[in-house]
S.K.: 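Pasting a structure here, questions to come.
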Amino acid sequence: MRPYSNIFIGHMNINIIQIGKTKASFIRDAEHEYMKRLRPYAKINVITIKDSEKGDIKRIKEEEGRSLSAALNKLPADSIVIALDENGREFTSPQLAGYIGKKIDIGLQNITFIIGGCYGLADFVLTSAELKLSFSKLTFTHELIRPFLYEQLYRCFTLIKGKKYHY
């Protein structure tokens, strides 16, 4: 993969909208580590939406979906939205870096990732996303996928910049 220009350094904004707080300290530690590593490449803005606790699964997904949509409406209109979903498209790390690199090439400065709650995302949230991204055919908790996302974003930026990290 060819290195991209330095133009995006400090100008790329990555928004992560997630349902519920990260409760496990070992997951929070991993999140903090990769947030620190990402700082030279992008400004990371994490928006945490309170999770819904009462009702059936459909109602919980709908309520959380409305909250996610409200948060999305407050972000820049030019932000592309990527929803993490178990049925989404799978990428290799270099493919994801290429996808993000192409967005950088056209001058995109805002990417928003959505991580649903324990039941996933409402259909209307999924259809509003430009890309539905799956990390694996395996199922991970909504908390555990967060540091995976941060690590993959860090890996993407090192690939884009031609730095040693990805082997």
Side-chain angles (χ1 to χ4, degrees), residues 12-39 41-53 55-72 74-75 79-101 103 108 110-160 165-167:
M12 175 62 74
N13 299 302
I14 297 178
N15 301 295
I16 298 167
I17 306 175
Q18 61 190 23
I19 299 292
K21 293 180 182 178
T22 304
K23 295 174 181 91
S25 62
F26 75 96
I27 296 174
R28 282 194 312 271
D29 290 346
E31 288 175 334
H32 292 298
E33 175 61 28
Y34 283 101
M35 289 287 218
K36 184 173 68 177
R37 292 183 187 196
L38 280 165
R39 277 189 205 125
Y41 300 105
K43 179 183 176 204
I44 309 294
N45 177 35
V46 178
I47 301 165
T48 303
I49 307 287
K50 186 177 182 332
D51 49 350
S52 298
E53 298 173 357
D56 65 5
I57 293 171
K58 182 179 178 181
R59 195 202 59 74
I60 289 171
K61 286 172 67 170
E62 294 287 323
E63 184 178 308
E64 290 175 349
R66 285 191 298 276
S67 296
L68 289 166
S69 292
L72 278 170
K74 294 178 183 175
L75 296 175
S79 185
I80 64 158
V81 176
I82 300 172
L84 274 61
D85 180 64
E86 65 184 350
N87 298 310
R89 182 174 167 197
E90 290 185 27
F91 285 84
T92 64
S93 295
Q95 287 170 333
L96 184 58
Y99 177 86
I100 292 173
K103 298 300 180 184
L108 180 78
N110 296 290
I111 300 176
T112 300
F113 290 89
I114 301 175
I115 303 171
C118 61
Y119 300 118
L121 294 166
D123 289 340
F124 66 90
V125 174
L126 289 171
T127 57
S128 72
E130 176 177 307
L131 173 67
K132 290 171 262 327
L133 176 65
S134 173
F135 273 40
S136 169
K137 293 193 183 302
L138 299 172
T139 303
F140 300 101
T141 68
H142 64 291
E143 287 186 29
L144 193 53
I145 203 67
R146 297 168 186 176
F148 291 176
L149 173 61
Y150 300 161
E151 191 280 338
Q152 281 302 299
L153 288 171
Y154 175 69
R155 187 175 297 270
C156 285
F157 285 122
T158 60
L159 282 165
I160 289 167
Y165 177 72
H166 180 79
Y167 299 99

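Computed from a prediction, not measured in an experiment: that's the story for all the values here.
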S.K.: Name all residues meeting the side chain to side chain donor-acceptor pair (under 3.5 Å) criterion together with T92; count only those two or more places apart in sequence or in a different chain, and write none if there are none.
M.R.: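 With sequence neighbours excluded, T92 shows a side chain to side chain donor-acceptor pair (under 3.5 Å) to Q95, given in chain and number order.
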S.K.: Who passes side-chain contact (heavy atoms from CB on, under 4.5 Å) against N45, sequence neighbours left out?
M.R.: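 Per chain and number, N45 pairs via side-chain contact (heavy atoms from CB on, under 4.5 Å) with N15, I47, L75.
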S.K.: How would you list all residue pairs meeting salt bridge (charged side-chain N to carboxylate O under 4.0 Å, His left out) that involve residues 87-101, not counting sequence neighbours?
M.R.: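 Every pair satisfying salt bridge (charged side-chain N to carboxylate O under 4.0 Å, His left out) with a residue in residues 87-101: E90-K137.
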S.K.: Report yes if the side chains of L131 and I80 come closer than 4.5 Å at any heavy-atom pair, otherwise no.
M.R.: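 No, every pair of side-chain atoms sits at 4.5 Å or beyond.
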S.K.: Mind checking whether I14 and F157 have side chains closer than 4.5 Å, heavy atoms only?
M.R.: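 Yes, side chains in contact.
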S.K.: Under the rule for side-chain contact (heavy atoms from CB on, under 4.5 Å), what residues qualify as partners of T22, not counting sequence neighbours?
M.R.: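 Partners of T22 under the side-chain contact (heavy atoms from CB on, under 4.5 Å) test: Q18, I27, R28, E31, E143, R146.
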S.K.: Could you tell me whether the side chain of I82 reaches within less than 4.5 Å of the side chain of Y99, counting heavy atoms only?
M.R.: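 Touching, per the 4.5 Å side-chain cut-off.
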S.K.: Could you work out, with side-chain contact (heavy atoms from CB on, under 4.5 Å) as the rule, every residue matching I60, not counting sequence neighbours?
M.R.: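 For I60, the residues satisfying side-chain contact (heavy atoms from CB on, under 4.5 Å) (neighbours in sequence not counted) are S52, E64, Y119.
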S.K.: Would you mind reporting whether L153 and I100 have side-chain heavy atoms less than 4.5 Å apart?
M.R.: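 They are in side-chain contact.
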S.K.: Which atom pair, heavy atoms only, marks the closest approach of L84 to L121?
M.R.: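 Between these two residues, the closest heavy atoms are O-CD1, 3.6 Å.
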S.K.: I'd like to check the ring pair (Phe, Tyr, Trp, His ring centres under 6.0 Å) partners of F140; sequence neighbours left out, ordered by chain and number.
M.R.: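 Per chain and number, F140 pairs via ring pair (Phe, Tyr, Trp, His ring centres under 6.0 Å) with F148.
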S.K.: Of all residues at least two apart in sequence or in a different chain, which pass the side chain to side chain donor-acceptor pair (under 3.5 Å) check with D85?
M.R.: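 If we apply the side chain to side chain donor-acceptor pair (under 3.5 Å) test to D85, skipping adjacent residues, there are no hits.
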S.K.: If a pair satisfies salt bridge (charged side-chain N to carboxylate O under 4.0 Å, His left out) and one of its residues is in residues 126-136, list it, with sequence neighbours excluded.
M.R.: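 Listed once each, the pairs are K103-E130.
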S.K.: With sequence neighbours left out, write down each residue that passes salt bridge (Lys or Arg N to Asp or Glu O under 4.0 Å) with E62, or none if nothing qualifies.
M.R.: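 Checked E62 against salt bridge (Lys or Arg N to Asp or Glu O under 4.0 Å); zero matches.
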S.K.: Under the side-chain contact (heavy atoms from CB on, under 4.5 Å) test, which residues partner K21, sequence neighbours left out?
M.R.: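 If we apply the side-chain contact (heavy atoms from CB on, under 4.5 Å) test to K21, skipping adjacent residues, the hits are T48.
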S.K.: Just jot down the salt bridge (Lys or Arg N to Asp or Glu O under 4.0 Å) partners of K58, sequence neighbours excluded, or say none.
M.R.: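 Counting only residues at least two positions away or on another chain, K58 forms no salt bridge (Lys or Arg N to Asp or Glu O under 4.0 Å).
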S.K.: Would you please name every residue forming a ring pair (Phe, Tyr, Trp, His ring centres under 6.0 Å) with Y34, sequence neighbours left out?
M.R.: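 For Y34, no residue satisfies ring pair (Phe, Tyr, Trp, His ring centres under 6.0 Å) once neighbours in sequence are set aside.
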